[in-house]
> 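Once you've had a glance at the structure underneath, I'll fire off some questions.
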There are 2 protein chains.
Amino acid sequence: MDNPLTRKLQTYVRLTGADTDRLADALGPARRIGARIDIVAEGDDPRAVNVVLDGWAGRYKQFADGRRQIVSLLLPGDTCDPNIFLLERMDHAIIALTPVTLAQISGRTMQDLRSRSETLEEAFHREMLAVAAIQREWTVSLGRRSALERLAHLLCELHLRQATIGLADGPSCPMPLTQPDLADALGQTSVHINRTLQDLRRAGLVALRSRRLTLLDPDRLWSLAQFDPTYLHHTRDHAGAGVRPREADPAAARPAVRL
Amino acid sequence: MDNPLTRKLQTYVRLTGADTDRLADALGPARRIGARIDIVAEGDDPRAVNVVLDGWAGRYKQFADGRRQIVSLLLPGDTCDPNIFLLERMDHAIIALTPVTLAQISGRTMQDLRSRSETLEEAFHREMLAVAAIQREWTVSLGRRSALERLAHLLCELHLRQATIGLADGPSCPMPLTQPDLADALGQTSVHINRTLQDLRRAGLVALRSRRLTLLDPDRLWSLAQFDPTYLHHTRDHAGAGVRPREADPAAARPAVRL
DNA sequence: CGTTCGCTTGATACCGCTCAAACTGCGTGG
DNA sequence: CCACGCAGTTTGAGCGGTATCAAGCGAACG
């Protein structure tokens, strides 16, 4: 059975037919959630592992005064932590950013899966490492990248993550986030996102309209963002057609693009 | 045997004597590293799990133009990911911020440890969840907190993390980071850190000198930082003397402190 | 058909950065 | 013992990137 979760895990390890079967069996019935609805609320007791089968979701924290930060994005094939059920209390909420299709795997089933298959165990571990690496990269973006680099980097990440699981069409892929969503993810205001996006468009680097992103000049965009895809730790090459992997040069030698 | 790693894991689960013995045996010989030296470089193949026994280290990424972001801090008892040895290539570097004492656990030994003890397995999983939660909180800080809130929040975190493993003396604890270090962790300049720190001092919230931090008014500091310690996911209460856990009120109801 | 949400643009304000320099404490070597 | 250097801290002046506030427009939607 083909689903985004198995496609994702296949990028880390080579799963056997038995593995993918077990995985497919483990997934509970699909659940449909409307856009802008909380999938999990802060303070909830997380009983099971949610897997995104379709649509985009986001983890976020919100302050009393309304400030909100999206701390990570969940794309098809992503899970809210494989171990989340160990916790008593969610320290953040998860919202459906588009209509989302979810499946659940109970904590018990999850533990079975991993104890029955070394390969699956390793796949989930690698997945957690990749998720941690993405989170670190966001930290770098928020801490040290300019508005332009920050937006460029996120667009590179989102394109590559989708290419990896077969959701990109060459240099183009879905990008359903609104500008307010991007603002909450990048720690800025939607007004500024709008202006930065126009800079990227004027520079001929990206096209973004009707919820679809196209990387018009992937090399220059990657360079501007200082995007180094190795942090995603995929062992098999899934970079979408139209985006060549960056040649292996000492990253330090390449000057940043200016607009 | 008593070491910071077992003290740390004890905050998540109750370890048996056999567990702590196995853990102590697993730790390789202590290695001493001078301040400002890279423990692990970007691009390295991580062969073993490093455990910090003493001193502070930091993960960081650096750009060609010199910009640097510290993405997380490793305090005594912290490990560079329990699963890091699965990866082929470090996507970031780790530097000793003070002189550091390290021990290593080989990947093989680590897997043994976890397969032999359910409790240890769970402890390491919970540890990874806590680390992920800290990383998310940093993302929130960098994205949405003001300079003042950001610094206050980090100081709260560092105090509590040390209190948890018995390194705090009431409201006071080691704080060996220099202002340039703080700047690289908080995504700011050392000049601005300096000024923000002065604001915190003038407000009577903290004292910080000769590498030692004292929370002079923990309640107001926590409130200013909107510090909610539950994200650290310790199941046993280790908040240091002098810092009362925040009463359970709907967080939304509490207005932020102003200076 | 009205309302809401997202996108866009303009004017202005301010937080945090840059550049520069002086000061402090401390280790080191003459 | 003093001179020196160095790293970290502190202060000042000016600038710039991003936020804020405000308004208009179009498209989706109930």
> Ignoring hydrogens and geometry, is there a side-chain-to-backbone donor-acceptor pair from A:Q162 to A:P174 under 3.5 Å?
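Yes, the answer is positive, given that a donor and an acceptor are paired below the 3.5 Å cut-off.
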> Can you check the B:L177 CG to D:dA7 C1' distance for me, whole Å?
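After rounding, the reported distance stands at 15 Å.
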> With a cut-off of 6.0 Å (strictly less than), are more than 12 heavy atoms of other residues, nucleotides or ligands near CZ of A:R209?
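For A:R209, atom CZ is not crowded (no more than 12 foreign heavy atoms under 6.0 Å).
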> Give a yes or no answer on whether the side chain of B:R145 reaches the backbone of B:V140 with a donor-acceptor pair at less than 3.5 Å.
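No; zero donor-acceptor contacts below 3.5 Å.
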> Any donor and acceptor pair, going by atom type alone, linking the side chain of A:R220 with main-chain N or O of A:L205 inside 3.5 Å?
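Side chain of A:R220 to backbone of A:L205, a donor-acceptor pair under 3.5 Å: no, none is there.
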> What string of B, S and - do you get for nucleotides 11-19 of chain D, 5' to 3', when a contact is any protein heavy atom under 4.0 Å?
BBB----BS
> Once you apply a heavy-atom cut-off of 4.0 Å, does A:R209 come out as touching a base, just sugar-phosphate, or nothing?
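A:R209: no heavy atom of the nucleic acid under 4.0 Å.
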> Five pairs at each end of the helix from C:dC1-D:dG30 to C:dG30-D:dC1: take the axis at both ends and give me the angle between them to 10°.
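Here the local axes at opposite ends form an angle of 40°.
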> Which pairs would a plain distance check flag for residues 179-187 of chain B, meaning a side-chain donor or acceptor within less than 3.5 Å of a matching protein atom at least two apart in sequence or in another chain?
{"unit_1": "B:Q179", "atom_1": "OE1", "unit_2": "B:N194", "atom_2": "ND2", "d": "3.0"}
{"unit_1": "B:D181", "atom_1": "OD1", "unit_2": "B:R36", "atom_2": "NH1", "d": "3.0"}
{"unit_1": "B:D181", "atom_1": "OD1", "unit_2": "B:R36", "atom_2": "NH2", "d": "3.4"}
{"unit_1": "B:D181", "atom_1": "OD2", "unit_2": "B:R36", "atom_2": "NH2", "d": "2.7"}
{"unit_1": "B:D181", "atom_1": "OD2", "unit_2": "B:T178", "atom_2": "N", "d": "3.2"}
{"unit_1": "B:D181", "atom_1": "OD2", "unit_2": "B:T178", "atom_2": "OG1", "d": "3.1"}
{"unit_1": "B:D184", "atom_1": "OD1", "unit_2": "A:R144", "atom_2": "NH2", "d": "2.9"}
{"unit_1": "B:D184", "atom_1": "OD2", "unit_2": "B:R68", "atom_2": "NE", "d": "2.9"}
{"unit_1": "B:D184", "atom_1": "OD2", "unit_2": "B:R68", "atom_2": "NH2", "d": "3.1"}

> Kindly list each side-chain donor-acceptor pair under 3.5 angstrom involving residues 55-64 of chain A, sequence neighbours excluded, with atom names and distances?
{"unit_1": "A:R59", "atom_1": "NE", "unit_2": "A:S72", "atom_2": "OG", "d": "3.0"}
{"unit_1": "A:R59", "atom_1": "NH1", "unit_2": "A:H92", "atom_2": "NE2", "d": "2.9"}
{"unit_1": "A:Y60", "atom_1": "OH", "unit_2": "A:D38", "atom_2": "OD1", "d": "2.8"}
{"unit_1": "A:Y60", "atom_1": "OH", "unit_2": "A:D38", "atom_2": "OD2", "d": "3.1"}
{"unit_1": "A:K61", "atom_1": "NZ", "unit_2": "A:D91", "atom_2": "O", "d": "3.3"}
{"unit_1": "A:K61", "atom_1": "NZ", "unit_2": "B:E137", "atom_2": "OE1", "d": "2.3"}
{"unit_1": "A:Q62", "atom_1": "NE2", "unit_2": "A:G66", "atom_2": "O", "d": "3.4"}

> Is the shortest side-chain N to carboxylate O distance from B:D44 to B:R89 below 4.0 Å?
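The answer is no: the pair does not qualify as a salt bridge.
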> When you list every nucleotide of DNA chain C with an atom under 4.0 Å from a heavy atom of chain A, which one comes first 5' to 3', and which comes last?
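So the outermost contacting nucleotides come out as C:dG6 to C:dA11.
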> Keeping the roles fixed (side chain from A:R211, backbone from A:M175), state whether a donor-acceptor pair exists under 3.5 Å.
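No.
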> If you measure from CG on A:L200 to CD1 on A:I193, what distance do you get to the nearest 0.5 Å?
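So the gap between those two atoms works out to 10.0 Å.
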> Test your reading of the model: is there a side-chain donor-acceptor pair from A:S172 to the backbone of A:A168, 3.5 Å cut-off?
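No; judged by distance alone, with no hydrogens or angles, the pair does not exist.
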> So does B:L160 get a backbone contact from the side chain of B:T164, meaning a donor-acceptor N/O pair under 3.5 Å?
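Confirmed, B:T164 side chain pairs with B:L160 backbone.
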> Going 5' to 3' along nucleotides 23-30 of chain D, which nucleotides have protein heavy atoms under 4.0 Å from the base (write B), which only from the sugar-phosphate (write S), and which from neither (write -)?
--------
